[in-house]
Amino acid sequence: MKLAFDLAEQAFRENEVPVGAVVVLDGEVIGTGYNSVIRESDPTAHAEILALREAGKRIENYRLVNTDLYVTLEPCMMCYNAMIHSRIRTLFYGANDFKTGIFSTGKFELTKDIFNHTITVKPGIMLEESSNILQEFFRERRGARAVERGGLENR
């Protein structure tokens, strides 16, 4: 999780929403990513998606069986579905996302019966650090009164 947090800090330095993700197989990091939607001009360039893509290329398989994913923010529905399709074993995440998170918004309860794979979920890992960096990022954005800057909305 520390590596995921380091990646979130990298995203922060690049003026991206500070979220980092790491995929681990048998104790070895096989994929990393941090939010890069602005830099990549890609709405799907979330930390989790980038980490999953790198892991798949690394093991030359889209199925990431027996892997664990560490991410600093609760995944959105898009990212969670990608985890389902890639067969992530365990999801460890830091901060809750009460706006778009699959668990905190109740979306998981509405959709869980359609999934053909189950992921063990462990929330609250490095919760304080993960929450603080996000709060600092958006506090700075609001302080700059940047309604829209470089494609990043100030919410």
Asp97 to Thr105 - nearest heavy-atom pair and separation: O-CG2, 4.2 Å

Could you note down all residue pairs passing salt bridge (Lys or Arg N to Asp or Glu O under 4.0 Å) where residues 25-38 supplies at least one of them, sequence neighbours left out? Glu28-Arg58

Quick check for you: to the nearest 0.5 Å, what is the distance between Arg89 atom CZ and Met83 atom CE? 15.0 Å

Restricting to non-hydrogen atoms, name the atom on Glu74 and the atom on Gly101 that form the minimum distance, rounded to 0.1 Å. OE2-C, 3.2 Å

Tightest non-hydrogen contact, residues Asn96 and Ser104, listed as CB-OG, 3.5 Å

Just to verify, which of Asp68, Leu64, Ile59 counts as forming a side chain to side chain contact (heavy atoms under 4.5 Å, CB included) with Leu25? Ile59

Between Asn35 and Ala47, is there a donor-acceptor pair closer than 3.5 Å when you use the side chain of the first and the backbone of the second? yes

Please determine whether residues Phe103 and Ile114 belong to a single hydrophobic cluster, defined as Ile, Leu, Val, Met, Phe, Trp and Tyr linked transitively by side-chain heavy-atom distances below 4.5 Å. yes

Do Val19 and Val71 have side-chain heavy atoms sitting under 4.5 Å apart? yes

Just verifying a value: how many Å separate Leu91 CG and Cys79 SG, rounded to the nearest 0.5 Å? 10.5 Å

So Phe108 and Phe115, do their side chains get closer than 4.5 Å, heavy atoms only? yes

Quick one: are Val22 and Leu7 in side-chain contact, heavy atoms under 4.5 Å? yes

Looking only at non-hydrogen atoms, find the nearest pair between Pro18 and Ile133 and report the distance. CG-O, 3.8 Å

If you round to the nearest 0.5 Å, how far is CZ of Arg139 from CZ of Arg141? 13.5 Å

Evaluate the criterion side-chain hydrogen bond (donor to acceptor under 3.5 Å, both in side chains) for residue pair Tyr34 and Arg39; output intermediate values, then yes/no. CA-CA 11 Å; Tyr34 60 87; Arg39 185 185 77 219; 3.0 Å; yes

Distance, nearest 0.5 Å, that separates CG of Asn132 from CD of Glu128: 5.5 Å

Can you tell me which residue pairs pass the side-chain hydrogen bond (donor to acceptor under 3.5 Å, both in side chains) test with a partner in residues 75-87, sequence neighbours excluded? none

In Å, rounded to the nearest 0.5 Å, how long is the span from OG1 of Thr100 to CE of Met77? 10.5 Å

Can you check whether Tyr70 reaches Ile125 side chain to side chain, under 4.5 Å on heavy atoms? no

Distance-minimising heavy-atom pair for Ala95 and Leu134: CB-CD1, 4.1 Å

Short side-chain to backbone donor-acceptor contact, His117 and Ile88, under 3.5 Å: yes

Could you walk me through whether Glu140 and Phe12 pass side chain to side chain contact (heavy atoms under 4.5 Å, CB included), step by step? CA-CA 11 Å; Glu140 285 183 15; Phe12 188 101; 3.7 Å; yes

Over all atoms of both residues, closest heavy-atom pair of Met1 and Ser130: CE-OG, 4.4 Å

If only atom types and distance count, is the side chain of Glu54 paired as donor or acceptor with the main-chain N or O of Gly33 below 3.5 Å? no

Is a side-chain N or O of Thr44 found less than 3.5 angstrom from the main chain of Asp42, in a donor-acceptor match? no

I'd like to check Lys122 versus Thr90 (side-chain heavy atoms, cut-off strictly below 4.5 Å). Are they in contact? yes

Close side-chain approach of Tyr93 and Leu69, heavy atoms under 4.5 Å: no

For salt bridge (charged side-chain N to carboxylate O under 4.0 Å, His left out), just list the numbers for Lys112 and Glu109, CA-CA rounded to whole Å, side-chain angles, deciding distance to a tenth of an Å, and then say yes or no. CA-CA 6 Å; Lys112 68 181 179 183; Glu109 291 302 316; 2.9 Å; yes

Would you say Glu14's side chain and Ser36's backbone share a donor-acceptor pair under 3.5 angstrom? no

Shared hydrophobic cluster, Tyr62 / Ile30 (ILVMFWY, side-chain heavy atoms < 4.5 Å): no

Linking Ile, Leu, Val, Met, Phe, Trp and Tyr by side-chain heavy atoms under 4.5 Å, what else ends up with Met78? Ile49

Decide yes or no for Asn15 and Ile38: does some side-chain heavy atom of the first lie under 4.5 Å from some side-chain heavy atom of the second? no

Could you tell me if the side chain of Glu16 sits less than 4.5 Å from the side chain of Val37, heavy atoms only? yes

To the nearest 0.5 Å, tell me how far Thr32 OG1 sits from Leu3 CG. 6.5 Å

Met126 reachable from Val17 in the ILVMFWY side-chain graph, under 4.5 Å edges: yes

